[in-house]
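Below, each value reflects all heavy atoms present in this structure, side chains not excepted, and no hydrogens, waters or symmetry copies. Within every chain, numbering begins at 1; the chains are lettered A, B, ... in the order of the sequence lines, protein sequences first and strands thereafter.
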Amino acid sequence: MTHDIFAELRAAVLAALGRILPDLPEAVAARVEVTPAREEAHGDAATNAAMVAAKAARRNPRELAALLAAALPGGMIAHAEPAGPGFVNLRLHEAALRAEVKHVLEVGTGYGDCDIGGGLPTNVEYVSANPTGPMHVGHCRGAVVGDALANLLAKAGFAVTKEYYVNDAGAQVDALAWAAYWRYLEALGTTLSEDEFAARVPGGLQYRGEYLTAVGGTLKDRFGDTLAGPGLTVAPAERWFAAVRMFAVSRMLDAIRDDLAALGVRFDTFASERSLVESGAVDATIGRLEADGLIYQGVLEPPRGRTPEDWEPRAQTLFRATRFGDDVDRPLRKSDGSNTYFANDIAYHADKLRRGAALMIDVWGADHGGYVPRMQAAVAALGGRLEVVLCQIVHVLQDGQPVRMSKRAGTFITLRDLLDEVGRDAVRFTMLTRKADAQMEFDIALAVAQTRDNPAFYVQYAHARCRSVLRAAVEMLGAGAVAEGALAAVALDTLADPAELALMRRLASWPRTVAAAAVAREPHRIAFFLYDLAADFHMLWNRGKDDAALRFLVADRPAETLARLALVAATAIVIRSGLAVMGVDPVEEMR
RNA sequence: GCGCCCUUAGCUCAGUUGGAUAGAGCAACAGCCUUCUAAGCUGUUGGCCGCUGGUUCGAGUCCAGCAGGGCGCGCCA
């Protein structure tokens, strides 16, 4: 169900324009917009129609604007006037804004839903951290952005699946197996030193963090010393490797699932890289590309301008990514014959496509930016559609000082640390107060501050104030009168104060905000909208400090009180609706 | 060296996809409030939108070049 007064106004403008210019080209009509007025003096909304159509009409934009302004009033539009270089400013009947309040109360948090997605099956993949340890703050932004984006798209009518790609094949989880095996020998009381052990690990011992000691202990409990070699040394890999790897990966996945739950992220599906590989899907996908003539044996040029020290020309299995817009063709097999990560990733995206994803959106860290063109090329070759949202690095600050994050020094912050410190809702909100592709500073002190410059607090506080008023109203008028259904029926004619009208205008722009944010794949816009909405509400609240007659609850004026309660209830609904997109729980009161 | 992203008030950031006189918060300054609608309110100051050119009725927004910051750059995921 779509309801957006700006869309309705646009339809009215197009109709009026069509009466003036009957043969208006479609392409011109498509550029006509109706946007909220930036300034009070400009009315409630403005359209660029006259400027856009001027050329096709061979008329001066101002002249056309005057004709349009004369033709427009009617319906919601009380008044229209030409302005500036050819805008037409629209003033709505106040009743139209009040009707919007009533509508919010009738449909609840479904207000703002729309159908621009048209039910398109859409797979949003995010987090996808390697299952080699607990989540750290580096994963957090992608998790929040991906989750909010998925919620946003669902609200906008896309049929969304939230997916996590488990990289449980490849070198990283092999390294995890070795690290877990070390903790296992340690639990058994091996006499090997860590360095002696590390010397026997292909590629060196990684993942030395404490978090694997428990895994080592559990392996000992489960297997005794049967996985160890004589004298508690390293046994041949075929005796232990696969079992330890599988166990460690599953433990790490459990930890990640716990972290995700603590962050309030729940996936619909977890896709396993290993099971794709083992099912033969990777070879099948490569075979399919090969049949399409997109695979060949070839030698790549060295990267332009910077030849690595050990560069030597080598024949490789290459995918013709250049046919689909990439700069160079990309390798699918390593020199030892195994597949590259890219090859597996192609098969993974083919699998998503096979499962029905008409649109795939991957949320990645910015350090994978260079990988985007080849993945899009591969998906294009498979006949699919892939978009990638990149998230820039987050720098965590404590009181303005950077918190150093170094795995080696053991001072890296886990996601859990951050959640314990700041709280889930504040973390999620704060992560959405920047555009995803802009670098972000996350100030822990600010995120927990109870002041206006903390948007998370400011918005929650607005909601709590709404609820507080409604609780007080129940005392005064009884629960029946204050129910949303009852408030939807009250007369709203007394809502006419400039601050009340401003708040109503803001509420009415929620649907178009949702639609625009969804189209742009920019969930942070929801956070900014809520901040502005909260500001409008707090302003209205503060009016009551100066003038008791402007308070929400005025005992001897029941009609005005009920109308204001309707506005307050509608405000709370829209805040809740926005917070739901962000995955933040609204609070009933501040403590 | 090449590619991608970024550069907006002293600071942190928006900017409705090319529209009107570029906006918030913080900080600064000036007032107000001493309250229970707690965790302030109102106002003022502050701008070469990194720089230079281009596209057009119109550019913070699009294009080219330059400068600075970040990320990446054949068998790591």
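- Taking 4.0 Å as the cut-off between side-chain N and carboxylate O, A/E500 and A/R564 count as a salt-bridged pair.
- The side chain of A/H524 has B/G15 as its nearest neighbour among B/C13, B/G15, B/A38.
- The listed nucleotides are B/C13, B/A77, B/C71; the one nearest the side chain of A/F528 is B/C13.
- Nucleotides B/C63 and B/G3 place their P atoms 15 Å apart, quoted to the nearest Å.
- Residue contacts shown for A/A472 are absent, as no nucleic acid heavy atom lies under 4.0 Å away.
- Looking only at atom types and distance, the side chain of A/R465 has a donor-acceptor partner in the side chain of A/H538 under 3.5 Å away.
- Distances from the side chain of A/Y341 to the nucleotides B/A77, B/U16, B/C5 place B/A77 closest.
- Of the two residues contacting RNA chain B, namely A/N454 and A/G544, the nearest-nucleotide position lying further toward the 5' end is that of A/N454.
- In the set B/A77, B/C26, B/U17, B/A77 carries the atom at the smallest distance from any side-chain atom of A/A171.
- Taking atom P in both B/A27 and B/G40, the straight-line distance is 11 Å, to the nearest Å.
- Between the side chains of A/H3 and A/E100, at least one donor-acceptor pair of N or O atoms lies under 3.5 Å.
- Closest contact between the side chain of A/R465 and the listed nucleotides B/A39, B/U17, B/A77 involves B/A39.
- Using a 4.0 Å heavy-atom cutoff across all strands shown, A/N89 reaches at least one base atom of the nucleic acid.
- Atom-to-atom, CD of A/E441 to C1' of B/C6 comes out at 14 Å; the value is rounded to the nearest Å.
- Rounding to the nearest 0.5 angstrom, the gap separating the CG atom in A/L562 from the CZ atom in A/R557 is 14.0 Å.
- No contact: A/Y458 has no heavy atom under 4.0 Å from any strand.
- To the nearest angstrom, C1' of B/C26 lies 6 Å from CG of A/D453.
- Within the nucleic acid shown, A/E589 has no heavy atom closer than 4.0 Å to any nucleic acid atom.
- Counting only heavy atoms from C-beta outward, the side chains of A/L294 and A/R323 approach each other to under 4.5 Å.
- If you check every strand for non-hydrogen atoms under 4.0 Å, A/Q450 touches a base.
- Side-chain atoms of A/T513 come within 3.5 Å of backbone N or O of A/S509 as a donor-acceptor pair.
- Between the side chains of A/D362 and A/H368, no donor-acceptor pair is found at a separation under 3.5 Å.
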Can you give the dot-bracket line for RNA chain B, using ( ) for pairs inside the strand, [ ] for pairs that cross earlier ones, | for pairs with another strand and . for unpaired bases, where Watson-Crick and G-U count if both distances are under 3.5 Å?
(((((((..((((.....[...)))).(((((.......))))).....(((((..]....))))))))))))....
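- B/G72 and B/C26 are spaced 35 Å apart, taking the C1' atom of each and rounding to whole Å.
- Listed nucleotides: B/U16, B/U12, B/C5. Nearest to the side chain of A/D437: B/C5.
- Across all strands, A/F552 comes closer than 4.0 Å to base atoms (heavy-atom distances).
- Between the P atoms of B/G60 and B/G23, the separation comes to 13 Å (whole Å).
- Across the P atoms, B/A24 and B/A9 are found 15 Å apart, a figure rounded to whole Å.
- Between A/H395 and the phosphate of B/U12, there is no side-chain N or O to OP1/OP2 separation shorter than 4.0 Å.
- Of the candidates B/A20, B/G25, B/G74, the closest approach to any side-chain atom of A/A83 belongs to B/A20.
- Contact annotation: A/K435 reaches the phosphate of B/G15 (side-chain N/O to OP1 or OP2, under 4.0 Å).
- In this structure, the CG atom of A/L176 is 16 Å from the C1' atom of B/C76, given to the nearest Å.
- Note: CG (A/L64) to P (B/C57) measures 16 Å, nearest angstrom.
- Distance A/M51 CE to B/A59 P: 13 Å, rounded to the nearest Å.
- Checking A/E163 against A/Y348 by side-chain atom types alone, a donor-acceptor pair falls below 3.5 Å.
- Of the two residues near RNA chain B, A/Y461 and A/S338, the one whose nearest nucleotide lies more 5' is A/Y461.
- Here B/A22 presents its P atom at 12 Å from NE2 of A/H42, a figure rounded to the nearest Å.
- Contact annotation: side chain of A/R512 to base of B/U16, donor-acceptor pair present below 3.5 Å.
- Using a 3.5 Å distance cut-off with no hydrogens or angles, the side chains of A/T132 and A/N130 do not pair a donor with an acceptor.
- The side chain of A/R314 contributes no N or O atom lying less than 4.0 Å from OP1 or OP2 of B/G74.
- Across all strands shown, A/E33 has heavy atoms under 4.0 Å from sugar-phosphate atoms exclusively, and none from any base.
- A gap of 45 Å separates the C1' atoms of B/G68 and B/C32, to the nearest Å.
- With B/C26, B/G70, B/G15 as the choices, the nucleotide that has an atom nearest any side-chain atom of A/Q392 turns out to be B/G70.
- Closest to the A/R434 side chain, of the nucleotides B/U16, B/G72, B/A14, is B/A14.
- The side chain of A/N542 has B/C41 as its nearest neighbour among B/C41, B/C13, B/G15.
- Taking atom P in both B/C62 and B/A20, the straight-line distance is 15 Å, to the nearest Å.
- Across the protein-nucleic acid pair, A/K545 atom NZ and B/U42 atom P stand 9 Å apart, rounded to whole Å.
- By the 5.5 Å and 30° criteria, A/H368 is not stacked with the base of B/G72.
- Look at B/U17: its glycosidic torsion is within 90° of 0, and that puts it in the syn range.
- As judged by a 4.0 angstrom heavy-atom cut-off over every strand, A/P36 is placed among the base-contacting residues.
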Apply ring-ring contact (aromatic ring centres under 6.0 Å, His included) to A/F429 and A/F528, showing your working.
CA-CA 10 Å; A/F429 200 110; A/F528 283 94; 9.1 Å; no
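- Rounded to whole Å, atom P of B/C76 lies 18 Å from atom CH2 of A/W364.
- Taking atom C1' on both B/U45 and B/A30, the two are 10 Å apart, rounded to the nearest angstrom.
- Remark: aromatic rings of A/Y531 and A/F457 are distant, center separation not under 6.0 Å.
- Among the heavy atoms of the strands, none lies under 4.0 Å from A/A54.
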